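Structure first, then comments.
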Amino acid sequence: MHKATAGAGSNIAFVKYWGVRHGGADPMVPLNPSISMTLEEVRTTTTVAFEPGAAGDLFTLNGSPATADELRRVGRVLDAVRRRAGMRRFARVVSSNNFPTAAGIASSASGFAALALAAARAAGLPYEPPDLVEPALLGSGSACRSLYGGYVLWQPPAAGRRESTVREVAPREHWPLADLVVIVSRKEKRVKSSEGHLLARTSPFLRARLAQVEGRIARVERAIFERDLRALGEVMEADALSMHAVMMTSTPALLYWQPATVAVIEKVQALRAADALACYFTIDAGPNVHVITAPETARAAEQEIRRIEGVEQILSCSTGEAPRLLQEHLF
Ligand code: DP6
């Protein structure tokens with residue numbers, strides 16, 4: 001068995017990961033814990049085959065050869081798997097996202113979760129989520145949270161340790177929620193998250209944000225436990241704004257928002273004020289807005305938000321399952 005295929009969903013963080021302890025290929029250590037919801041509808045499927053005689057790793061993403069940077073990240077994950085398996089074979093990797101490539105939403109979380117699972121299985125290694133945390137992290141930080149379904153907590157290593165801890169806080173069935181991914185721009189962001197994480201330390205606001213994060217994690221865990229959307233939403237919005245304050249006050253400054261980003265925020269606040277719709281926003285390293293609401297109110301919220309000038313598309317997502325192995329290969 002040297003070939004395997006896996007599918008994984010992306011995730012949206014309620015308390016964000018922003019900033020790393022140091023750069024480079026060493027195990028990536030975030031400055032703060034983060035907590036997220038896995039998404040069902042925005043997924044990556046990846047097939048990995050370790051092929052005898054191949055002269056190097058090959059990676060095709062959505063039908064096109066990958067860029068040098070993408071291939072380098074994929075190579076880091078494959079190297080970790082090869083090292084563990086005591087194997088030298090190079091791999092052919094074919095990956096496809098089920099959402100529009102240029103939708104302006106991150107595919108690294110679902111992509112590297114699917115890659116870690118497929119590569120471990122193809123190499124004959126154990127492939128339970130804890131076995132996959134380290135390889136997934138060599139691709140992308142947020143990928144380790146996509147190794148589980150439902151609600152997921154990522155804790156940085158304790159002092160003097162190297163391993164992060166990732167665990168499911170609650171399964172999907174505990175509290176199904178909706179995430180409307182409001183696309184206001186499909187353009188590639190100018191500064192990738194990987195570079196942004198290194199700039200976080202240049203912000204004088206970083207310390208203030210970090211001082212609040214632990215408390216927010218505890219409040220979000222409790223809100224999930226109690227299925228309290230209002231409590232979750234208030235913490236989630238505060239955390240997104242504080243992360244963007246850090247971004248905006250870095251050197252160089254990172255301003256990801258566009259006019260329509262603010263228009264969506266204002267709409268979400270207005271919908272709430274009218275007491276009609278309980279919905280809350282969060283924003284990753286880009287201009288698009290995620291609107292979290294109950295499944296019953298998702299349609300009404302979507303119809304309101306669709307009318308905003310500058311909104312190009314809305315992807316309607318829900319709480320997702322853990323990654324899984326698939327029988328059908330991509331090649
Ligand atoms: C703003 O996981 O994309 O979405 O580790 O460099 O791949 P790398 O970064 P990435 O960073 C995610 C940042 C964020 C917040 C979050 O998802 O927690």
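All ligand and atom numbering here is 1-based and tracks the order in the structure. Note: hydrogens, waters and symmetry copies are ignored here, and every other heavy atom, side chains too, is used. As the structure is a prediction and not an experimental result, all values here were calculated from the model.
- Val311 and Val262 fall within a single hydrophobic cluster, where Ile, Leu, Val, Met, Phe, Trp and Tyr are joined by side-chain heavy atoms under 4.5 Å apart, directly or via other members.
- What you find for Ser164 and Pro30 is that their closest heavy atoms are OG-CD, 4.2 Å.
- By the 6.0 Å contact criterion, CZ on Arg324 is enclosed, its count of non-hydrogen atoms from other residues, nucleotides or ligands being greater than 12.
- Here Glu41 contributes atom CD and Thr319 contributes atom OG1; the two are 9.0 Å apart, rounded to the nearest 0.5 Å.
- The minimum heavy-atom distance between Val77 and Gly139, with the atom names listed, is CG2-N, 3.6 Å.
- Counting atoms of ligand 1 from 1 in the listed order, those under 4.0 Å from a heavy atom of Ala13 are 16 (C), 17 (O), 18 (O).
- For ligand 1, the atoms sitting less than 4.0 Å from at least one non-hydrogen atom of Arg73 are 6 (O), 7 (O), numbered in the order shown with element in parentheses.
- Residue-level proximity to ligand 1 for His244 is absent, since no heavy atom of it falls below 4.0 angstrom.
- For Met243, the closest heavy-atom approach to ligand 1 falls below 4.0 Å.
- Close contacts between ligand 1 and Ala285 involve ligand atoms 1 (C) [criterion: under 4.0 Å to a heavy atom].
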For residues 226-236, which side-chain N or O atoms pair as donor and acceptor with protein atoms under 3.5 Å away, sequence neighbours left out?
unit_1	atom_1	unit_2	atom_2	d
Arg227	NE	His174	O	2.5
Arg227	NH2	His174	O	3.3
Arg227	NH2	His174	ND1	3.4
Asp228	OD1	Arg230	N	3.3
Asp228	OD1	Ala231	N	3.1
Arg230	NE	Glu234	OE2	3.2

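- Taking distance alone, with nitrogen or oxygen atoms compared against 3.5 Å, Ser142 approaches ligand 1 more closely than that limit.
- Of the heavy atoms in Glu195, none comes closer than 4.0 Å to ligand 1.
- Taking every heavy atom of Ser108 and a limit of under 4.0 angstrom, the matching atoms of ligand 1 come to 3 (O).
- Counting only N and O atoms by type, the side chains of Arg167 and Gln155 include no donor and acceptor under 3.5 Å apart.
- Residue Ser34 has no nitrogen or oxygen atom sitting less than 3.5 Å from a nitrogen or oxygen atom of ligand 1, judged on distance alone.
- Remark: Tyr256 OH is packed, more than 12 non-hydrogen atoms of other residues, nucleotides or ligands lying under 6.0 Å away.
- Inclusion of Trp18 in the set of residues having an N or O under 3.5 Å from an N or O of ligand 1 is not warranted.
- Near Ser194, the atoms of ligand 1 lying under 4.0 angstrom from a non-hydrogen atom of the residue are 6 (O).
- Which parts of ligand 1 touch Gly141 is read off a 4.0 Å heavy-atom cut-off, strictly below it: atoms 2 (O), 5 (O), 7 (O), 8 (P).
- Cation-pi geometry between Arg43 and Phe99 is not met: the NZ or CZ atom fails to fall both under 6.0 Å from the ring centre and inside 45° of the normal.
- Note: no N/O pair closer than 3.5 Å links Ala143 and ligand 1 by distance alone.
- Considering Phe112, Trp154, Phe14, Tyr17 only, the shortest heavy-atom separation from atom 15 (C) of ligand 1 involves Tyr17.
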